[in-house]
Asks: 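This is the structure, below, for whatever I ask next.
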Amino acid sequence: GRVYLNKVFHISGEKMFELLFTDSNFIRRFMNLRKINNATLESWQKEESGNMKRSLNYTITISNPLVGNFTKATENQTLFKDSREGHYMVDAEVYTHDVPYHDYFYTQNRYSIIRSSKRKCRLRVNTDVKYKKQPWGLVKSFITKNSWSGIEDYFKQMESELMEEEAEMNQGARDS
Ligand code: YK8
């Protein structure tokens, strides 16, 4: 796997969870920026295992002429049961529905929000491109290459948007 985001923010763990994993203005705005449209976000539901689950559906705008302009996608998120105060682990599996070879692969993003003090947390995202069945080598390297570049871009922008959010939040805190 790879890590494209691993950084301490001046944002509490609870707040970070709220920004990324509830129907927050932040995530709405971020999706708009990434041209991820028609998003429907379910609310978290408790499973028998004690974990929480929810699904998101959206349409991703793609800027790759080989792949097309849009794809519908489903993201299944699991919030693990031992997620404690200010400390969360969310597993997000992203399935695209309309790109070539979409039935061969999906992306797994594991978000760890780790409390580092009352008002600070580390956000780390581990990513893997997973195969459900093996395509031939050339196709596989094509999928992998296109996936990594799209994912890297996404998390680079997430980092910079979070840094802006952090600056605004801490500005507000100083003013009051
Ligand atoms: C989530 C991984 C692959 C996919 C895309 C597929 C190309 C197909 C390759 C051909 C378009 C928001 C990506 C980047 C779309 C965006 C996905 C996002 C960023 C040659 C067969 C969407 C996180 C996420 C995970 C996977 C990303 C897709 O929250 O290249």
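Remember, it's 1-based here, ligands and their atoms both numbered in the order they're listed. Atoms considered below: every heavy atom in the structure, side chains included; atoms not considered: hydrogens, waters and symmetry mates. Only a predicted model underlies this, so the values are computations on that prediction, with no experimental measurement involved.
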Asks: Using side-chain heavy atoms (C-beta onward) and a distance below 4.5 Å, is Phe30 in contact with Leu19?
Replies: no
Asks: Pick out the protein N or O atoms lying less than 3.5 Å from any N or O of ligand 1, and list each pair with its distance.
Replies:
unit_1	atom_1	unit_2	atom_2	d
ligand 1	29 (O)	Glu75	OE1	2.9
ligand 1	29 (O)	Tyr154	OH	3.3
ligand 1	30 (O)	Asn146	O	3.3

Asks: Would a distance-only check, ignoring hydrogens and angles, find a side-chain to backbone donor-acceptor pair under 3.5 Å from Asn51 to Glu47?
Replies: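 It does not hold such a pair.
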Asks: Quick one: list whatever passes ring-ring contact (aromatic ring centres under 6.0 Å, His included) with Tyr95, sequence neighbours left out.
Replies: Tyr106
Asks: Taking Val129's backbone N and O only, do any of them form a donor-acceptor pair with Trp148's side chain (distance below 3.5 Å, no angle check)?
Replies: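 Answer holds: no.
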Asks: One thing to verify: whether Asp128 and Arg110 come together as a salt bridge, which I'm taking to mean a side-chain N less than 4.0 angstrom from a carboxylate O.
Replies: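 Salt bridge between Arg110 and Asp128, a charged N being under 4.0 Å from a carboxylate O: no.
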Asks: Tell me which one of Thr71, Thr74, Asn57 satisfies side chain to side chain donor-acceptor pair (under 3.5 Å) with His97.
Replies: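 The single option meeting the side chain to side chain donor-acceptor pair (under 3.5 Å) with His97 is Thr74.
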